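Every number for a ligand or one of its atoms is a count from 1 in the order of the listing. No experiment lies behind these values; they were computed from the predicted model shown.
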Amino acid sequence: MTHDVLIIGGGSAGYAAARTARDEGANVGIIDHGPLGGLCILRGCMPTKTILRSSDIIALIKRANEFGLSSVSPKANLSAIIDRKARLIGEFADDRIQALKDSRFTLYEERARFVSPHEVQVGTQTLTAKAFIISTGSVVSRIPLPGLEEVGYITSDEALELRDLPESMIVLGGGAVAVELAQFFSRIGTKVTLIQRSRHIMSEGDEDLARPVEARFREEGMTVYTNTQLHRFTKNGTQKVAHFTHDGQEKTVMAEIILQALGRRPNIDGLHLEAAGIKTEKGRVVVDRTMRTNHPHIFAVGDVNGLHEIVHIAIEQGEIAGWNAMHANDSPRRYDDRLKTQVVFTDPQVASVGLSERECRRENISYMTASYPFNDHGKSMTLGETHGHVKLLADPLTGTLLGAHIVGPEAAELIHELIAVMYFYGTVHDLMRIPHYHPTLAEIITYPAEELLGRIPK
Ligand SMILES: Cc1cc2nc3c(=O)[nH]c(=O)nc-3n(C[C@H](O)[C@H](O)[C@H](O)COP(=O)(O)OP(=O)(O)OC[C@H]3O[C@@H](n4cnc5c(N)ncnc54)[C@H](O)[C@@H]3O)c2cc1C
Ligand SMILES: NC(=O)c1ccc[n+]([C@@H]2O[C@H](COP(=O)([O-])OP(=O)(O)OC[C@H]3O[C@@H](n4cnc5c(N)ncnc54)[C@H](O)[C@@H]3O)[C@@H](O)[C@H]2O)c1
């Protein structure tokens with residue numbers, strides 16, 4: 001069987017590529033061994049955000065007194081939370097499965113492997129195509145820490161299926177998976193200890209964004225160790241024990257369950273990329289800005305290229321590859337990460353777009369920055385949501401926004417004004433001219449903008 005475009009992996013990136021290539025007139029084949037639906041829907045973005053809603057609500061109910069309401073002692077029913085998640089995820093997955101099975105595509109529910117740069121084996125069939133788009137996603141990294149495999153652990157996959165509330169949990173790591181799930185379990189009643197190697201959680205971002213989240217975690221009763229080195233894991237009866245160094249001191253922590261959230265790696269297992277001569281580097285498929293691999297007719301998009309494991313970026317890359325695959329002789333579309341955005345859905349939320357201070361320093365980019373705290377902002381005070389701040393980075397001469405970062409209430413929503421302004425190469429002057437309703441959380445953006453405006457040479 002021959003196709004114009006063959007997509008290997010029908011998750012968010014692959015489906016976006018398939019739809020785009022189809023709209024450009026391609027005869028598209030999609031190969032996915034299943035379960036169909038993709039990480040974001042089945043075990044990523046959507047299930048985590050669904051269960052976090054329950055833990056956010058319970059945390060707010062526990063603060064009833066603060067708002068002049070009689071206190072209540074809510075209790076979480078983890079099994080019911082998982083039922084709600086399963087119901088919603090089932091609906092989201094059904095929509096995606098229907099779309100993949102649409103007659104506009106040919107769906108092969110098989111595992112794919114390359115036989116040559118122009119052929120892919122699925123079951124007993126060999127498929128050929130003018131272009132291939134690899135979108136096989138990522139898998140949890142196995143980290144060789146002594147004793148960890150032997151004592152056993154769960155990953156985010158199993159954490160999203162637990163029905164009995166663990167009494168205690170050690171969370172390894174301080175990335176997005178670790179912090180979102182750590183706060184979920186802590187808020188619904190598990191005694192959580194989070195162990196992070198770097199000096200602060202969410203170590204890819206600026207330190208000032210992590211500190212308010214760590215403070216909130218500790219206030220809520222979580223134990224957070226940063227700046228650690230994990231040594232080994234042992235068992236004490238049914239308890240699992242982590243042995244580590246913290247600030248130079250030997251420590252041990254015991255818990256019923258270990259959640260291993262030490263990162264994911266591109267999923268190239270069993271694809272036989274070598275049979276097609278596709279270049280990889282540190283386990284990721286190497287691509288250029290047009291999403292092409294070292295073969296111009298083979299593309300790789302989403303988590304499998306290891307650029308950013310974020311779903312809207314996976315979709316954007318899929319659309320770029322789907323279009324480029326059908327326009328080999330036109331000027332190619334390119335992926336641009338100027339507006340790279342990430343949100344972590346803790347409370348307070350953390351949202352970033354564009355450059356961080358760390359990136360500006362590393363790349364020698366001149367910038368000026370100003371921050372404003374939510375605990376001095378009227379609307380957040382009325383809401384009782386005063387953790388965190390807004391930080392803007394701008395060009396010191398022109399005031400053009402280079403990056404924007406929010407740690408605080410509704411950061412995930414608030415960041416979109418800044419994404420829009422940056423999309424149009426807007427400046428701090430623009431932020432001051434755009435009307436902001438009073439009293440809103442969004443008004444806070446004007447305070448650091450005003451400070452930066454005052455620093456621009458007249
Ligand atoms: C717990 C968690 C929470 C997350 N939360 C968020 C969030 O809130 N926001 C956000 O932006 N991102 C989030 N992410 C990241 C996001 O889910 C991923 O970046 C995104 O889903 C990746 O999409 P993809 O299309 O690259 O891969 P996937 O969706 O994983 O698709 C890969 C597909 O390839 C198929 N496949 C694999 N190998 C083969 C093969 N050999 N042959 C045939 N088919 C194959 C698989 O069955 C799968 O359907 C989260 C991730 C995790 C783990
Ligand atoms: N809200 C969101 O958008 C969201 C939510 C969850 C996941 N994701 C995406 O999924 C991807 C995977 O997330 P993740 O949190 O699993 O990975 P990650 O790479 O973001 O974090 C892994 C953490 O483990 C630590 N670590 C790694 N090896 C270690 C070792 N040997 N000892 C001690 N610590 C070690 C790292 O310092 C880091 O803090 C991320 O890229 C993230 O963007 C996004």
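Looking at atom 39 (O) of ligand 2, its nearest protein heavy atom turns out to be Q196 OE1, 3.1 Å. Q342 NE2, 3.1 Å is the protein heavy atom nearest to atom 43 (O) of ligand 2. For atom 28 (N) of ligand 2, the closest heavy atom belonging to the protein is R197 NH2, 3.4 Å. Among protein heavy atoms, atom 17 (O) of ligand 2 sits closest to G263 CA, 3.2 Å.
No donor-acceptor pair under 3.5 Å is formed between the side chain of N236 and the backbone N or O of Q239. Side-chain atoms of T50 come within 3.5 Å of backbone atoms of M46 as a donor-acceptor pair (strictly under, hydrogens ignored).
Not one N or O of L145 is nearer than 3.5 Å to an N or O of ligand 2, by distance alone. At least one N or O atom of V177, backbone or side chain, sits closer than 3.5 Å to an N or O atom of ligand 2. Distances between N or O atoms of A176 and those of ligand 2 include at least one value under 3.5 Å. When only interatomic distances are considered, the shortest N/O to N/O separation between F345 and ligand 2 does not fall below 3.5 Å. Annotation: R264 places no N or O atom under 3.5 Å from an N or O atom of ligand 2; distance criterion only.
A salt bridge links R187 and D56; the closest N-O separation between the charged side-chain nitrogens and carboxylate oxygens is under 4.0 Å. Classification of K391 and E357 as a salt-bridged pair holds, one side-chain N sitting under 4.0 Å from a carboxylate O. A salt bridge is absent between E207 and R358: the closest approach of a Lys/Arg side-chain nitrogen to an acidic carboxylate oxygen does not fall below 4.0 angstrom. Remark: K240 does not engage E256 in a salt bridge, criterion side-chain N to carboxylate O under 4.0 Å. Salt bridge annotation for K279-E274: absent, with no cationic side-chain nitrogen under 4.0 angstrom from a carboxylate oxygen.
Ranked by closest heavy atom to atom 24 (O) of ligand 2, the top entry among L230, L262, V140 is L262.
To the nearest 0.5 Å, atoms CD1 (I170) and OG1 (T193) are separated by 6.5 Å.
Aromatic rings from H3 and Y108 are positioned such that their centres are separated by under 6.0 Å. For Y153 and F233, the ring centers are positioned 6.0 Å apart or more.
Less than 4.0 angstrom separates some heavy atom of A261 from each of these atoms of ligand 2: 22 (C), 23 (C), 24 (O). Counting atoms of ligand 2 from 1 in the listed order, those under 4.0 Å from a heavy atom of G174 are 23 (C), 39 (O). For ligand 2 and E309, the ligand atoms under 4.0 Å from any heavy atom of the residue are 9 (C), 10 (O), 11 (C), 12 (C), 40 (C), 41 (O), 42 (C), 43 (O). Atom numbering of ligand 2 starts at 1 in the shown order; those under 4.0 Å from a heavy atom of I143 are 31 (N). Atom numbering of ligand 2 starts at 1 in the shown order; those under 4.0 Å from a heavy atom of V343 are 1 (N), 2 (C), 3 (O). If you number the atoms of ligand 2 from 1 as listed, the ones under 4.0 Å from a heavy atom of G175 come out as 15 (O), 20 (O), 21 (O), 23 (C), 39 (O).
Protein residues having at least one heavy atom under 4.0 Å from any atom of ligand 1 are G9, G10, G11, S12, A13, I31, D32, H33, G34, G38, L39, C40, R43, G44, C45, T48, K49, E110, R111, A112, S135, T136, G137, S156, V177, R264, N267, L271, G302, D303, E309, I310, V311, F345, listed by chain and number.
Side-chain contact, H246 with N227: no donor N or O sits under 3.5 Å from an acceptor N or O.
Looking at E180 against ligand 2, only its side chain comes within 4.0 Å, counting heavy atoms.
When all heavy atoms are compared, the tightest approach of Q260 to S141 is NE2-O, 2.9 Å.
With Y225 as the aromatic partner, R197 does not meet the cation-pi criteria of under 6.0 angstrom to the ring centre and within 45 degrees of the ring axis.
Using bins of under 30°, 30° to 60° and over 60° for the plane-to-plane angle, the ring pair H118/H297 lands in the parallel bin.
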